[in-house]
Amino acid sequence: MAVKSVSIRIEEEMLHKLNYVADYEGRSINSHILVLIRDSIRQHEEKYGEIQGKVKPDSNVKPPRKS
């Protein structure tokens with residue numbers, strides 16, 4: 001599975017709050033964003049049906065560690 005990188009623009013205060021929530025949950029910001037994305041996909045599929053693809057939103061999709 002190819003892992004892609006994306007960049008987002010986010011207000012500094014929102015980033016600070018996101019970091020706070022992620023830290024509270026014991027996650028990095030990146031891991032927390034992946035959880036939010038999976039939840040969003042799961043909710044969409046529950047409402048509108050499955051989106052075709054190999055990766056399911058309940059999978060633990062984590063990029064492999066670089067050697």
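Not measured: the values here are computed from a predicted model.
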H44 and I51: which non-hydrogen atoms are nearest, and at how many Å? CD2-CD1, 3.8 Å

Testing V35, I33, D39 for side-chain contact (heavy atoms from CB on, under 4.5 Å) with I37, which one passes? I33

Donor-acceptor pairs under 3.5 angstrom involving side-chain atoms of residues 10-29: please list them, not counting sequence neighbours.
| from | atom 1 | to | atom 2 | distance (Å) |
| --- | --- | --- | --- | --- |
| R27 | NH1 | H32 | ND1 | 3.1 |
| S28 | OG | S31 | N | 3.0 |
| S28 | OG | S31 | OG | 3.2 |

